[in-house]
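Report on the following structure.
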Amino acid sequence: MAHGGGGGGGGRGGGRINVLNVAEKPSVAKSVSEILSRNQQLISRRGRSQFNCIFEFDYVIRGQPCHMLFTSVLGHLMELDFDDRYRKWNSCDPVDLYHATVRKFVPEDKLNIQRTLEEEARKCQWLILWLDCDREGENIAFEVIDVCTKVNRNLDIKRAHFSALIERAIKDSVQNLVMPNKLFADAVDVRQEIDLRIGASFTRFQTMLLSNAFVLDASTNTDGRNLVLSYGPCQFPTLGFVVERYWEREAHEPEDFWTINCTHRSEEGTATFNWMRNHLFDYACALVIYELCVDEPTATVTDVRHQEKLKYPPYPLSTIELEKRASRYLHMSAEHTMKVAEDLYNWGFISYPRTETDRFSLETDLRAMVSEQQGHERWGSYAQRLLDPEAGVWRNPGNGGHDDKAHPPIHPTRFSNGESNWTQQHHKVYELVVRHFLACVSQPAKGAETAVHVDIAGEKFSSTGRVILEKNYLDVYIYESWAGSLIPTYTHGQQFMPTTLTLDSGVTRPPPLLTEADLLTCMDKAGIGTDATMHDHIKKLLDRSYAIKENAYFIPTDLGQALVMGYDDMGYELWKPYLRARMESDMKDVSIGNKRRAEVLDACLQQMKACFIDARARKEKLFEAMGNFFERSNRSSNNDQTSGGVVRKCDLCHNSDMVLKQKPDGNFMVGCLGYPLCRNVVWLPGSISQAVVTGNTCLTCTPGPVFKIQFKFRRLEIPPDYNADHLGCIGGCDDTLKQLIDICGTGARNTSSTPGRGRGNPTSSSSGQRSNSRGRMACIYCRQTGHSSDVCPSHISQSNRRTQGFGQQNGRGQGNSTSSSIGGRINPRNQDFGRQNGEASIPCSSCGSPCTLLTSNSARNPGRKFYSCQACRNFNGWEDMLSGGGSVPRPSGFASNARRGGRANRSGGGHGSSGAFVSATGEPVSGRCFICGDPSHFANVCPNRGR
DNA sequence: GCAAGGTC
């Protein structure tokens, strides 16, 4: 782009123009100002915000003399939230949040920054954006543009792209200004809106549905605040990792195995030889081999190999590595580590702690940084050795392959022997940063390894010994060790008699619970969160009482398990990382112009809205899952049900009024205020979005007066030929209402199993209406009688979901008559929708009977296979979802729609050569080596095994 | 009372 002027009017004379420069944070404004001004005549003054001062200096950009005004924001200047009318939780149906008006605004605590920008922008001709060079930075750039151009429409807008805060990069960028990238900003707008709508809708839904319905108080840590059961596209997959590992562990069944061990002691030392078969699960087989060895115990050396081994120092330090290593070495949580690191950064002792970069740029003066550390009492002498060319310890740091183009790896920026205001943690984190940095610029440790293979009666054994020749970086990086042991000298063909030769038993172990370092690794691999937010997502699990941390391991609470179980039983993967991964991929497409912003936003929200509606329709799954862990609650507060006015005098007790109420889950009912003495209730259709008692009275129903209710139905949930607006009567005269109750179902559920809140009166109005009229009703899709909408041939997947819902509701609450009506639907389904093609392979999640594998003939899922219960016809899930990692093993006692918990893992290996854990169905299951802790392999193939 | 993303 050409830079030729931008107008001289308003400048300080001599053709000089005023240029407003804005960085993402105060430290960048300061650094860039210092670099460009060379600290000559650099003036700083306070702005309206106490953190964001304004630097002033003169500079020439492509021949144009400029007076630079350099200030900053603090990350995002604006927030996205719903319009005020949707902000209160009871203001609307949560599903409305998928299309509710949202607005971007500058929040209260950023108004000072906005005012500074406005004041300075009025004086300027150019606006140069120095935001971080990533998508979020680009989005913040447009927030700044929005604020500045509102007060000065003539601003010439430019973007500086810099790869590091070093002189050459900064000076290059200011002479090569570009246009801001709207596509990048669009991608962030999409992400923000999706996160908000999904997060708020599911959070309100599950909080209002469950928080008062169960006795949760003892298990939650609300500190007097209202309990919120939040859902978020990052926090839930994080919870998913914790729950999944916990269930894998609980489902593990220990298994005995046998192994042959051999040792040989000589004057030079002792060697331990490991059996090359590792171990066998068959005792008889192991015994036979052992006896062969004992009969001919002479060992013959078949191979001796000497090799030099290197152990490399770590790559330069990124945020995630800092968090992981502080967790492992210092036993500090990621959240606390970041707090301490931010302190050290703000006090000037370390570089910016939120960075993805794990390579130093070539321009970095690494030796100067090392030189600063020479005076330290503990690592100063090592720093001196590093700088001594004769010592030969220096090595240019490795390249970890990541670069966020905005920040260098975390490194010390100022020497300190410790400050008086530092806590123990400040000392530890500073020490880790310095030692890590010094290790990065060091030679790897060198060792000599000897591997010896022997043969005893045809069985192969091996032993490895190691001697460390040069410790190098290990001298300063005290957190790592490289244990080795000496073994005697052996030569090819040598024979010896083992000192011991034993047959030992062992038992397979479950995979360990996740540590914070493991969890961060899982999140990083799955793209959950950013370097700046991952620790927040982990903390959120603890704050929401979804998990606890015990001895550095994460354990899901009952609440965390119940929520994951509920969605898992629905067949949804809302707790898996795929949703976020898909969003990330869509964002990428938006940012490179492959997809339009509106297209991605509409498609994603449409899908998630459908998912939300479906999840809500099958909320009984959440209730069942919660019921596995918690007692139902008797609580009924004003918050629990929203009263909407008197409808009539109770026709059962004749004492109290019947009032319209909206339950926490959004469903409506008309109940007697005499509850629990009087349990009269009229359940209303589940498809109502709004209901208001009117002043109109029914002329038919007695005893009167019965006030009519103005209903608003959700359009997509009722048949097309019904009006969304309906003035109805609950007295019994209203056929339309009866029909919609029959078609859509009601909010009644779980009545017989819930003694506290349950209003399972079999004579209640709606129950009677539903069971009596079901057989006569027409299908809402094809409008034919003889079958109901939930088994309509043209809507197989919906029918599956609905059948499941009704089946459980009716089966529990309404006895035999309803059960027989479900039975009546068995044949049509098999004949119409499914071709039986397999025998039972999993038990039904509802009744435990064997399931049959059927093939769907529906238009929506042609050829897709699903499990159907032979006895109760419960839909038990799509085959491809059950076998493709859609579910996880559960602890025994919990039915899963995928499979019941069984032997899942064999941490001892012994099956196949991969060494991976293998589940009962043959799928690999993630785990971690229990010898060295490395998640990339298991103990049976651990290189440190036996050392 | 809700998300996740910036940053102090």
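As a basis for the values below, the full set of heavy atoms in this structure was taken, side chains included, without hydrogen atoms, waters or symmetry mates.
Look at A:Q235 and you'll find a side-chain N or O under 4.0 angstrom from OP1 or OP2 of B:dA3. For A:T207 and B:dG1, the shortest distance from a side-chain N or O to OP1 or OP2 is not below 4.0 Å. The phosphate of B:dT7 has OP1 or OP2 within less than 4.0 Å of a side-chain N or O from A:R354. Dashed line: the shortest gap from a side-chain N or O of A:K540 to OP1 or OP2 of B:dA3 is under 4.0 Å. Contact between the side-chain N/O atoms of A:T203 and the OP1/OP2 oxygens of B:dG1 is not found at any separation under 4.0 Å. Contact annotation: A:R191 does not reach the phosphate of B:dG6 (side-chain N/O to OP1 or OP2, under 4.0 Å). For B:dC2, the OP1/OP2 oxygens have no side-chain nitrogen or oxygen of A:Y86 closer than 4.0 Å. Contact between the side-chain N/O atoms of A:R197 and the OP1/OP2 oxygens of B:dC2 is not found at any separation under 4.0 Å. Contact check, A:Q192 against B:dA3: no side-chain N or O comes under 4.0 Å of OP1 or OP2.
Distance from the side chain of A:E24 is smallest to B:dG6 among B:dG6, B:dG5, B:dC2. For A:K25, the side-chain atoms get nearest to B:dC8 when compared with the rest of B:dA3, B:dC8, B:dG5. Comparing B:dG5, B:dA3, B:dC8 against the side chain of A:H76 picks out B:dG5 as the nearest. The side chain of A:D195 sits closest to B:dA4 out of B:dC8, B:dA4, B:dC2. When distances are taken from the side chain of A:T530 to each of B:dC2, B:dA4, B:dG6, the shortest belongs to B:dG6. Considering only side-chain atoms of A:P26, the nucleotide from B:dC8, B:dC2, B:dG5 that sits closest is B:dC8. Between B:dC8, B:dA3, B:dG5, one nucleotide has an atom nearer to the side chain of A:R580 than all others, and that is B:dG5.
With ring centers used as reference points, A:Y572 lies 6.0 Å or more from A:Y567. Checked against the 6.0 Å centroid threshold, A:W422 and A:F349 count as a close aromatic pair.
We find that CG of A:L209 is positioned 18 Å from P of B:dC2, with the value rounded to whole Å. Put simply, CZ on A:F142 is 18 Å from C1' on B:dG5, counting in whole angstrom units. If you take CZ of A:F202 and C1' of B:dA4, they are 17 Å apart, rounded to a whole angstrom. For A:Q50 and B:dC8, the CD to C1' distance is 8 Å, given to the nearest whole Å. Put simply, CD1 on A:I140 is 8 Å from C1' on B:dG5, counting in whole angstrom units. B:dA4 atom P lies 9 Å from atom OH of A:Y231, rounded to whole Å. As rounded to whole Å, 22 Å separates atom P of B:dA3 from atom CE of A:M78. The CD1-P distance, from A:I528 to B:dA4, rounds to 10 Å in whole Å.
Surrounding CD of A:Q606 are at most 12 heavy atoms belonging to other residues, nucleotides or ligands under 6.0 Å away. Heavy-atom contacts from other residues, nucleotides or ligands closer than 6.0 Å to CZ of A:R46 number 12 or fewer.
Salt-bridge formation is not detected for the pair A:E323/A:K539: no Lys NZ or Arg NE/NH1/NH2 atom is positioned less than 4.0 Å from an Asp or Glu carboxylate oxygen.
Contact annotation for A:N52: no contact, since no heavy-atom pair falls under 4.0 Å across all strands. Contacts of A:D531 with the nucleic acid, taken as non-hydrogen atoms under 4.0 Å apart, are absent. When heavy atoms are screened at a 4.0 angstrom cut-off, A:L80 is found touching base atoms of the nucleic acid. Residue-level contact check: A:G529 touches the backbone only, with heavy atoms under 4.0 Å from sugar-phosphate atoms and none from bases.
Residues A:D195 and A:R580 meet the side-chain proximity criterion, which asks for heavy atoms closer than 4.5 Å.
In terms of position on DNA chain B, the residue among A:Y345 and A:M534 whose nearest nucleotide sits closer to the 5' end is A:M534.
The two atoms that bring A:R48 and A:N112 nearest to each other are CB-O, 3.6 Å, heavy atoms only.
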